[in-house]
Amino acid sequence: MGPRTSSWMVDLCGSPICSKQAGDSCAWRELFDASTCMNHILAFGIAALVAIVLGIQLLVRIPKSRASERQLVAHGPLQLAGVVFNGCLGLVYLGLGLWMLGMNFSQDAAVYLPHWWLVALSQGFSLILVSIAFSIKRQFLGATSVRIWSVLLTIYAAFICCSSVVNMVAEKAVTMKGCLDVLLLPGALVLLVYGIWHISREDGNGRIGSALYKPLNAEAVDGTDDSGTHVTPFAKAGFFSVMTFWWLNPLMKMGYEKPLEEEDMPLLGASDRAYNQYVMFLEKLNKKKQLQPHGTLSVFWTIISCHRSGIIVSGLFALLKVLTISSGPLLLKAFINVSLGKGSFKYEGYVLAATLFVCKCCESLSQRQWYFRTRRLGLQVRSFLSAAIYKKQQKLSNKAKMKHSSGEIMNYVTVDAYRIGEFPYWFHQTWSTSVQLCIALAILYNAVGLAMIASLAVIIITVLVNAPLAKLQHKFQSRLMEAQDVRLKAMTESLIHMKVLKLYAWEAHFKKVIEGLREVEYKWLSAFQLRRAYNSFLFWSSPVLVSAATFLACYLLNIPLDASNVFTFVATLRLVQDPIRQIPDVIGVVIQAKVAFTRIIKFLDAPELNGEVRKKYCVGTEFPIVMNSCSFSWDENPSKPILKNINLVVKAGEKVAICGEVGSGKSTLLAAVLGEVPKTEGTIQVCGKIAYVSQNAWIQTGTVQDNILFGSSMNKQRYQETLERCSLVKDLEMLPYGDLTQIGERGVNLSGGQKQRVQLARALYQNADIYLLDDPFSAVDAHTATSLFNEYVMGALSDKTVLLVTHQVDFLPVFDSILLMSDGEIIRSAPYQDLLAYCQEFQNLVNAHKDTIGGSDLNEVPTNRANEISIKETNDTHGSRYREIVKPSPADQLIKTEEREIGDTGLKPYILYLCQSKGYLYASICVISHMIFIAGQISQNSWMAANVQSTDVSTLKLISVYITIGICTMFFLLSRSIAMVFLGVRTSRSLFSQLLNSLFRAPMSFFDSTPLGRVLSRVTSDLSIVDLDVPFAFMFSISASLNAYSNLGVLAVVTWQVLFIAVPMIVLAIRLQSYYLASAKELMRINGTTKSALANHLGESVAGAITIRAFEEEDRFFEKNLELVDKNAGPYFYNFAATEWLIQRLETMSAAVLSFSAFVMALLPPGTFSPGFVGMALSYGLSLNMSFVFSIQNQCQLANQIISVERVNQYMDIPSEAAETIEENRPSPDWPQAGRVELRDLKVLDKCQLLEAVQEKEHGLDSIVVEDGSNWSMGQRQLFCLGRALLRRCRILVLDEATASIDNATDAILQKTIRTEFKDCTVITVAHRIPTVMDCSMVLAMSDGKVVEYDKPMKLMETEGSLFRELVKEYWSYTSNGNI
């Protein structure tokens, strides 16, 4: 090396790089040491080279592109994160370099040698150029160029980072430049992920062809229509607005000025909508299917790959938060040194105070973005799962329905999907807590040396002790969800059939059953919550144990304790104790999400229907329905077919009747044509558009018009003709708002006949090719049945293919073909006359009908005016053309808008919660225990602060008193945790008991006007929140608030001047919180009501799945579901965004309080405060930011979750029906004085004609009856009800169309049984079959909702102009003469 070079090196580096004796080993060592000149020269050279090459590339490429600024700049989330992070880092590097240069000019001698400020400036300039280059769309620089740069930058950053870490470990000191060098690596890794993975992903997406599965035929709700609608400002917010949540200001202002309504919610952005999330998942899944055609695809990893960039970006914010929060103890140590007069330069205290403020603001910014982005991610996953569950239930096979009831499916959406949606919010806690602990351990090692090993040992032991508890938690959570499913299934059935329960006076029995199921749920709830409480105690007490073990290790290892290392340790411990305390919550959420995800995946993997039966487009086919040697089985078991050897060929336009005894397989045959029953052998083909009318009418909540149009556009003429053909004109004129009248859930405000005619109108309006009519005339009277058959089947459907299931023999002669069924087989297929001549079974069917009408005195009624009567009645039924009615106000309809509280309800819901079952006592124990715990902690640290520098107190005594106080406080932690569990379980028990009593004592008018979804949303998601979340939220809210104010109190005691800024800040914080709560509470209430609408739509869709599939309306219903999912997601999105909006502003204020306190300490001369109390004040001050965050966060969470208590309470005080017990009518206590139990062979099954059907079942009387009895025929279900009545032996028997779905032969036997078995009972019969009522003592005839006549049947028949006489005449005319 020449003299000139040596001189230059000395000028640059201050001294020669290596002595001649050191040789090559010195050069290599200095090359990897970040404090050496050689390292800096290398770093400077590479940075300068990067800047020059990138600068030239940008100057050449950008002018050539001739693109506008908007066309140049890209804003992908991953790209944006990398650009912003590296750009900010570059600016800080530049600032550091300029500051070093400035220090040289301000001092007499050079403080920093040239190589220090040169490397800082060059790194800053190159990082800014890198940020500019990566902010440009990849096509301008080229994908390959971007990839190469990202790899080279990562290698460079890794070198810089490693050399700085080596230096800091060697020097045992953390420097500003060292921290920046460490941060350089994550910034480069983000760009690497974007350059390698994200660009490849974009290229791959561009090459994806048509998807294997198309979810919707409708237009995509993908944001292309956003221009004309009110879309969230977040969708178009700029960088500053996104980072500060400024885009939310208009909504917050509106919410403060007036209570928010659902209409005030802007639409979600395109990327957050359920449709786009669902499509993105399917595209990703299809791509994986193409890559692994025979592999097993994981839904979980597919979801992860869909949201990879979002996970990485939020993870980077989590990492930035951990790094910024970890700088606190280092700044505290520097402050203590300043207070001891050991400052590095004159104004170091002020610089530290300003740095503290900047660090705290960066911590706030990163944490808020972390939480907001993961909440948003969780919302997207929840929306996708809700959509996927709905789509799955549309295709669910009958076998799968046996395992997944409608109540369970409801639970998957309202509970499980929501639990999974919470998981991403907690996901980064799993690793960020570990990273924070590792950094904390490094700082502790710097402070207390090898005593840090004791801290590590305690943390490891705590985690190991928790492992078996976590397994138990998982087990208890699974059992709890199973118990919840069983209880919900029982509640759903009870609520749906409440009318039957009340008529039978069975409320007490079913309520007792549900209470028993709830007790099982309490057992698992108590077990789960207790394990959660033990976890909470374990992790809340771990900082106490860690400090005890560490200080004891210091004593044993003779490590001296002073204010600097003690309060660096305390500050570090206080910063990590909140994340450590959250570990139980993280474990709980992970377990809940895992259980929920397992349940949902099990459902999504359930068997589906085979959709190959129907072919929609078969132009000009002569035979629309062809079955060749087919067998069908509901459970897909070839050895147990429900239909066997079915051969059927139906010509286009042919009318086919299907008849047979109860349970012969008539409805199942129609279901087979629809593709609902799995085929086990044979071939089947169905061509054309199908319309289906089910035997059990399915009516949607909505207007009559909505139910008839069923998604089709309005054609006035066709609509009017449909109403006339279906005999609905007169009925609509009687309804309060005509066809705009709201129909209650399951059509509660329509009669059975009206519901069937609405179904018939729905089918007719669709103008289908094939009509499948399942006994539609059984619910209407004789003259309406005649009118419908003439006008509808033989008129409107004259050129259509019709399959009609019927028990009414009178209609059979006009059919082209009749299928006679028995035991799941078509035993004969022929026209009426052929069957009558050659088929004995058919003759028996016809004779049974003749016997039924012949056994009465109908033949005494003259029939010469039958035709005239028939025409007159038909005209009366149709009436004049239907006149449209003015659209009514929603307030006047049967189904009211769901009620919700408005405005600030103050402490009312909290008081309601605590008033339950000694709630105040347990809450008081929680609060007092925690106050004692906080007092103990302050006492511990005060003792240490006062005596750490004292020579009068020995180290052993100092540590012993400290440890004793800490261990005593742990007992109060345990009492707090257990009291909280008792509070939660007892309060849940009390609230549920009141809710259940209120629901079972509610009048039927409540159930008629309240959609089931509203009640179910309260007994599922709301009750789940009350059970699991509210008690912990209550405790943590109080604990966090007490912690925050205790931190502020300690800060104020040491530096009272801080009160000048703290008091106004607290007032402002309270005002800001009330400003936030005005909107937040309404958002949570709207979230509740929109969830009810979602649950209601899901429940209706599950109930009407066969009808929806028959009309091929799955896409429309799916689209409606997506709309409801988005409506429910909207308020939730704005609610958590509002929480982050509030906390960010509060954090900025708390950062100002801490910085002001630090500024006051710096302002006062050294020695004003003892180093111990400076350390104590700042250790509490450093955690002030975090404690205020947790305080407000938990308060907001509790305020949101207490809405569930409010919603449950709405149905706890429903106006009750008449008293259950009248005391003056109660029999004496010793009644009955004598009793006897006698067992008889009642042969009930034989009497209700079910014996043979039950004996055919494999398990006999133990055979399963699934939800709604759907695995038994409609007729068999009516026979079950009759058997139930026979067993009860009531004094009053009400038969409401009890035999309408039963063939004439079985009906005749049953009528005889009823007359015999109930000869001493009062029997009230509602029936359309005239022979059924002819032998009654009295007849009540009704018309238009009014009683027309009431007398003995024979007397009414003898009266001229009698309505009953006219009905009898008409019935006789068409049954005797075949006047059809």
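- Checking Ser712 against Gln766 by side-chain atom types alone, a donor-acceptor pair falls below 3.5 Å.
- Between Leu740 and Gln705 the shortest side-chain heavy-atom distance falls below 4.5 Å.
- In summary, Lys1120 and Asp1115 do not engage in a salt bridge, as defined by a charged side-chain N under 4.0 Å from a carboxylate O.
- Classified by interplanar angle (parallel below 30°, tilted 30° to 60°, perpendicular above 60°), the ring pair Tyr832/Phe842 is perpendicular.
- Contact between Leu804 and Phe815 at its shortest, heavy atoms only, is CD2-CZ, 3.3 Å.
- For the side-chain hydrogen bond (donor to acceptor under 3.5 Å, both in side chains) test, residues two or more places apart in sequence or in another chain that qualify with Glu676 are Arg1109.
- Using modelled atom types and a 3.5 Å distance limit, the side chains of Asn767 and Lys689 yield no donor-acceptor pair.
- Between Met627 and Val673 the shortest side-chain heavy-atom distance falls below 4.5 Å.
- Between Ala1110 and Leu674 the shortest heavy-atom distance is CB-CD2, 3.6 Å.
- Closest non-hydrogen pair, Ser713 versus Tyr765, comes out as O-OH, 2.7 Å.
- Between Phe789 and Phe777, the ring planes lie perpendicular to each other; the angle is over 60°, past the 30° to 60° tilted range.
- Between Gln756 and Gln759, the side chains place a donor N or O and an acceptor N or O closer than 3.5 Å (distance only, hydrogens not considered).
- Glu721 has its side chain out of reach of Leu764: every pair of non-hydrogen atoms, C-beta onward, lies at least 4.5 Å apart.
- Under a 3.5 Å cut-off, the side chain of Lys655 and the backbone N or O of Leu797 do form a donor-acceptor pair.
- For Arg762 (side chain) and Ile708 (main-chain N/O), no donor-acceptor pair under 3.5 Å exists by modelled atom type.
- Atom CG of Leu750 and atom CD1 of Ile743 lie 4.0 Å apart (nearest 0.5 Å).
- Remark: Arg1365 engages Glu1360 in a salt bridge, criterion side-chain N to carboxylate O under 4.0 Å.
- With Gln695 as the partner, the side chain to side chain contact (heavy atoms under 4.5 Å, CB included) test is satisfied by one option alone out of Val805, Leu670, Asp775: Asp775.
- No side-chain heavy atom of Val1102 sits under 4.5 Å from any side-chain heavy atom of Lys401.
- Listed here is the closest heavy atom pair of Val1348 and Met1342: CG2-C, 4.1 Å.
- In this structure, Arg757 fails the cation-pi test against Tyr792, since its NZ or CZ atom is not both closer than 6.0 Å to the six-membered ring centre and inside 45 degrees of the ring normal.
- Within the 4.5 Å cutoff, side-chain heavy atoms of Phe1117 are placed close to those of His1097.
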